[in-house]
Amino acid sequence: MLTPVLSAHWDEADAFTLEGYARHRGYEALTKALKTDPDALIQLVKDSGLRGRGGAGFPTGMKWGFIPQGPEGQGGKPHYLVVNADESEPGTCKDVPFMLANPHALLEGVIIASYAIRASHAFIYVRGEVTHVVRRLHDAVEQARAAGHLGKDIHGSGFDLEVVVHAGAGAYICGEETALLDSLEGYRGQPRLRPPFPATHGLYACPTVVNNVESIASVPSIVLGGAEWFASMGTEKSKGYTLYSLSGHVKKPGQYEAPLGITLRQLLDLSGGMRDGRTLKFWTPGGSSTPLLTADHLDVPLDYEGVTAAGSMLGTKALQCFDDTTCVVRAILRWTEFYAHESCGKCTPCREGTYWMVQILQRLEAGTGTEEDIATLLDTCDNIFGRAFCALGDGATSPIVSGVQLFRDEFLQHVSGGCPFDPVASTVFGAVTA
Amino acid sequence: MDLGLPATTVVPDGVPPLTDDTRREAREIIARYPRSRSALLPMLHLVQSVQGYVTPAGISLCAEELELTKAEVGAVATFYTMYRRRPAGTYHVGVCTNTLCAVLGGDALFAAAKEHLGIGNNETTADGSVSIEHIECNAACDYAPVLMVNWEFYDNQDPQSLRGLLDACQAGNPPAPTRGPSRLVSFKEMSRVLAGFNDGLGQEGVAAGPASLIGLDLARQRGDVAPSYPASEA
């Protein structure tokens with residue numbers, strides 16, 4: 001039921017070193033890739049069915065195929081690969097432990113992907129708030145360079161590549177690919193109007209692929225195992241293995257690598273379920289920007305199609321599970337405060353809308369709201385969704401719209417009699433040490 | 001004409017000046033990138049590594065080296081939350097109060113931190129040793145509630161462990177992070193790492209913490225494995 005590939009050797013003390021990685025066929029995929037035609041590599045990734053693991057699920061090979069090649073026009077400009085390692089979606093915690101434990105798998109994927117799209121400069125844009133991950137990435141780049149996997153004429157192939165590890169400075173919006181590119185160019189991280197898309201006009205207005213850490217790190221295994229091997233896992237349209245991050249009021253929070261399409265019920269059964277004496281109240285399938293689900297959705301296949309059919313999104317597979325001690329109004333207020341704080345200010349619906357939604361939710365949580373506030377909240381969401389410049393605005397409406405839909409009675413209860421929940425009961429340490 | 005604006009090169013007491021070395025390192029950063037302006041974010045981290053926050057002198061240095069206006073640099077510096085407008089403590093403590101950590105105890109931890117130190121959000125103790133801030137999701141939800149000190153992980157905290165950690169930081173004797181190097185570096189030392197200067201501590205510490213290994217352990221117990229690579233490919 002579980003299929004550890006990316007996480008298969010994380011329990012070895014030196015998993016993050018070049019030697020630790022080489023022990024498990026590390027950089028063999030690179031040797032094989034450098035003997036392969038770049039277009040054939042793009043086709044291989046297309047054939048594997050790998051879809052972006054950063055949330056949107058766009059086919060990775062197709063993204064690579066959009067890069068204009070040849071000497072004419074945009075194709076003649078430098079090409080860039082940018083790894084989105086700005087993991088900040090609330091609940092999402094897979095790329096950070098991955099880079100801590102196995103930075104070389106990411107780097108090998110970076111080199112292969114750069115070779116395929118014909119980029120000689122790649123960037124790993126990692127969020128700044130994870131110092132040790134930044135160190136591990138620096139070390140991996142230095143070790144790979146010393147081993148001849150980076151630099152000029154890599155292993156006699158004629159292919160040159162420089163990789164820069166670039167630390168961000170605290171801005172969730174930089175996980176949005178065009179905001180990330182602006183940030184990497186030294187500007188405020190604000191999203192760009194599209195089209196043109198990064199594939200033709202990305203970093204420095206040159207052809208650019210922006211891929212999530214997990215997507216790129218999956219590439220070496222596809223090169224070694226083949227497209228059919230990768231596609232032998234997962235479901236019809238969601239191929240392969242992936243990291244599911246289980247968190248919250250569960251007995252065993254952590255990383256679970258499984259084929260796409262596993263269900264939350266299966267994961268909870270495997271891992272011992274919710275904490276003792278408590279039941280699952282609501283959960284997010286892929287971070288706070290994906291609409292909330294409940295115990296009614298335990299058997300939803302956690303693949304791109306299954307979760308969409310259930311009215312939410314697979315997102316980053318960040319399964320945040322909250323039990324029946326949790327106040328849903330408080331939970332949604334916190335997420336909304338997050339979106340208001342992280343809104344970049346570029347567009348009015350998101351900037352103003354998130355601000356006002358925080359005001360309303362604060363009233364509701366404090367027990368001073370009205371029934372009309374709930375209607376105003378939903379109306380505000382209507383005015384943000386589909387009207388914001390980027391997906392942050394849409395994401396901000398997800399917990400509110402789904403939360404009111406699923407728990408309207410609890411919102412009404414707050415209006416009539418204040419919050420009925422004891423926040424101490426929902427902590428992991430209770431009142432004993434508080 | 002004097003507009004009453006603060007002089008940009010004056011450095012407050014106790015804040016070390018930016019030196020020729022700083023300028024040389026800024027140019028090293030610039031050399032990493034195809035276009036110079038890309039160096040701005042790491043250069044601001046570099047300024048913090050010397051002065052502990054983004055000073056007017058730091059803004060000036062970045063502007064001069066990148067041929068930008070100070071307004072352009074200031075507009076970037078104020079956009080990102082990791083750039084501080086006041087000096088951070090030697091140990092900058094972040095308590096995650098995004099939904100999951102808040103519910104699991106982050107709110108109680110942040111309240112305990114403020115009470116224990118007698119300071120508020122984004123304030124620094126009088127001795128300059130510790131500053132605190134409530135932070136957004138730090139990608140460690142499986143270790144909730146999470147606390148960061150100088151952006152190193154202190155996983156699975158409770159109010160008691162938090163108070164012990166704060167006392168140790170104030171005494172200048174903090175314990176090692178749970179997933180990080182064998183010693184906690186200062187805010188300024190950490191900022192150098194983010195500026196792209198390797199401090200040589202990357203090979204220390206665990207590969208993975210216990211929660212990161214839970215799925216793998218379970219797979220081992222159950223005998224679950226991914227399909228092996230086909231023989232023709234291997």
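Not measured: the values here are computed from a predicted model. Reminder, nothing fancy here: chain letters follow the sequence lines and each chain counts from 1.
- Using a 4.5 Å cut-off on side-chain heavy atoms (C-beta onward), B/Leu104 and A/His249 make contact.
- For chain B, no part of A/Phe230 is nearby; none of its heavy atoms comes within less than 4.5 Å.
- Considering only heavy atoms from C-beta on, A/Ser88 stays 4.5 Å or farther from B/Glu136 through its side chain.
- In this structure the side chain of A/Tyr187 never reaches within 4.5 angstrom of the side chain of B/Glu72, judged on heavy atoms.
- Heavy atoms of A/Val428 lying under 4.5 Å from chain B belong to its backbone as well as its side chain.
- In this structure, chain B has heavy atoms under 4.5 Å from both the backbone and the side chain of A/Cys344.
- Side-chain contact between A/Tyr172 and B/Cys137 is absent, with no heavy atoms from C-beta onward closer than 4.5 Å.
- Looking only at atom types and distance, the side chain of A/Ser247 has no donor-acceptor partner in the side chain of B/Tyr143 under 3.5 Å away.
- The aromatic rings of A/Phe123 and B/Tyr33 lie parallel to each other, their planes meeting at an angle below 30°, with 60° marking the opposite boundary.
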- So A/His341 and B/Thr81, side chain to side chain contact (heavy atoms under 4.5 Å, CB included) or not? Walk me through it. CA-CA 10 Å; A/His341 180 254; B/Thr81 52; 3.7 Å; yes

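- Looking at B/Leu213, the atoms closer than 4.5 Å to chain A (heavy atoms on both sides) all sit in the side chain, from C-beta outward.
- Proximity to chain A (any heavy atom under 4.5 Å) is shown, for B/Arg179, by both the backbone and the side chain.
- Only the side chain of B/Val185 comes within contact range of chain A, with heavy atoms under 4.5 Å apart.
- Considering NE2 of A/His166 and CD1 of B/Ile29, their distance stands at 10.0 Å, rounded to 0.5 Å.
- Proximity to chain A is limited to the backbone of B/Ser228, based on heavy atoms less than 4.5 angstrom apart.
- Under 4.0 Å is where a charged nitrogen must lie from a carboxylate oxygen, and between A/Arg330 and B/Asp107 at least one such pair does.
- B/Asp224 is not listed as a side-chain neighbour of A/Thr3, based on a closest heavy-atom distance of 4.5 Å or more.
- In terms of heavy-atom pairs under 4.5 angstrom with chain B, the leader among A/Ala8, A/Ala171, A/Pro97 is A/Ala8.
- Residue A/Gly186 comes nearest to B/Arg37 through the heavy atom pair O-NE, 3.0 Å, listed as atom of the first residue, atom of the second, then distance.
- One finds the CD atom of A/Glu337 at 9.5 Å from the CG atom of B/Asn98 (value rounded to the nearest 0.5 Å).
- Between the OH atom in A/Tyr256 and the CD1 atom in B/Ile214 there is a gap of 5.0 Å [rounded to 0.5 Å].
- Proximity to chain A (any heavy atom under 4.5 Å) is shown, for B/Val76, by both the backbone and the side chain.
- Looking at A/Ser183, both its backbone and its side chain come within 4.5 Å of chain B, counting heavy atoms on both sides.
- Neither the backbone nor the side chain of A/Glu228 comes within less than 4.5 Å of any heavy atom in chain B.
- Both the backbone and the side chain of A/Leu270 come within contact range of chain B, with heavy atoms under 4.5 Å apart.
- When A/Glu142, A/Arg127, A/His9 are compared by the number of non-hydrogen pairs under 4.5 Å with chain B, A/Arg127 comes out ahead.
- Note: B/Gly180 leads B/Ala208, B/Ala219, B/Gly180, B/Gly196 in heavy-atom pairs under 4.5 Å with chain A.
- Side-chain contact between A/His132 and B/Pro177 is absent, with no heavy-atom pair separated by less than 4.5 Å.
- Contacts of A/Tyr244 with chain B are absent, with no heavy-atom separation under 4.5 Å from either backbone or side chain.
- For A/Glu257, no part lies under 4.5 angstrom from a heavy atom of chain B.
- Residues A/Gln143 and B/Gln203 are in side-chain contact: their nearest non-hydrogen atoms beyond the backbone lie under 4.5 Å apart.
- A salt bridge links B/Glu152 with A/Arg135; the closest basic N to acidic carboxylate O contact falls under 4.0 Å.
- Taking A/Pro90, A/Ala15, A/Cys321 one by one and counting their heavy-atom pairs under 4.5 Å with chain B, the maximum is reached by A/Pro90.
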- Tell me, with the steps shown, if A/Phe429 and B/Gln160 meet side chain to side chain contact (heavy atoms under 4.5 Å, CB included). CA-CA 10 Å; A/Phe429 39 75; B/Gln160 214 172 339; over 6 Å; no

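- Ranked by heavy-atom pairs under 4.5 Å with chain A, the list B/Ala211, B/Gly215, B/Ala139 is led by B/Ala139.
- Counting only distance, with no hydrogens or angles, the side chain of B/Thr99 and the backbone of A/Trp335 share a donor-acceptor pair below 3.5 Å.
- By number of non-hydrogen pairs under 4.5 angstrom with chain A, the leading residue of B/Arg32, B/Arg35, B/Met190 is B/Arg35.
- Residues A/Thr131 and B/Trp151 have side chains that never bring a donor and an acceptor to within less than 3.5 angstrom of each other.
- The part of A/Ile173 that comes within reach of chain B is its side chain, from C-beta onward, which places non-hydrogen atoms under 4.5 angstrom from that chain.
- Between the side chains of A/Tyr204 and B/Ser38, at least one donor N or O sits under 3.5 Å from an acceptor N or O.
- At a 4.5 Å heavy-atom cutoff, the contact between B/Ala140 and chain A is made by backbone atoms alone.
- Taking CD from B/Gln221 and CG from A/Leu2, the interatomic distance works out to 10.5 Å, rounded to the nearest 0.5 Å.
- Ranked by non-hydrogen atom pairs under 4.5 Å with chain B, the options A/Ser221, A/Gly189, A/Ala101, A/Ala331 are led by A/Gly189.
- When the candidates B/Ala112, B/Gly209, B/Ala144, B/Gly205 are compared by the number of heavy-atom contacts under 4.5 Å with chain A, B/Gly205 comes out ahead.
- Between chain B and the options A/Ser232, A/Gly168, A/Ala140, heavy-atom pairs under 4.5 Å are most frequent for A/Gly168.
- Taking CG from B/Leu41 and CD from A/Glu185, the interatomic distance works out to 12.0 Å, rounded to the nearest 0.5 Å.
- Comparing A/Glu162, A/Glu87, A/Met1 by heavy-atom pairs within less than 4.5 Å of chain B, the highest count is held by A/Met1.
- Only the backbone of B/Val206 comes within contact range of chain A, with heavy atoms under 4.5 Å apart.
- Contacts between A/His121 and chain B at a heavy-atom distance below 4.5 Å involve the side chain alone, from C-beta outward.
- Taken to the nearest 0.5 Å, the CD atom of A/Glu89 stands 9.5 Å off from the SG atom of B/Cys141.
- For A/Ala13, the part lying under 4.5 angstrom from a heavy atom of chain B is the backbone only.
- Side-chain atoms of B/Met82 and A/Glu129, non-hydrogen and from C-beta on, do get closer than 4.5 Å to each other.
- Contacts between B/Gln157 and chain A at a heavy-atom distance below 4.5 Å involve the backbone alone (N, CA, C, O).
- Only the side chain of A/Val164 has a heavy atom closer than 4.5 Å to any heavy atom of chain B.
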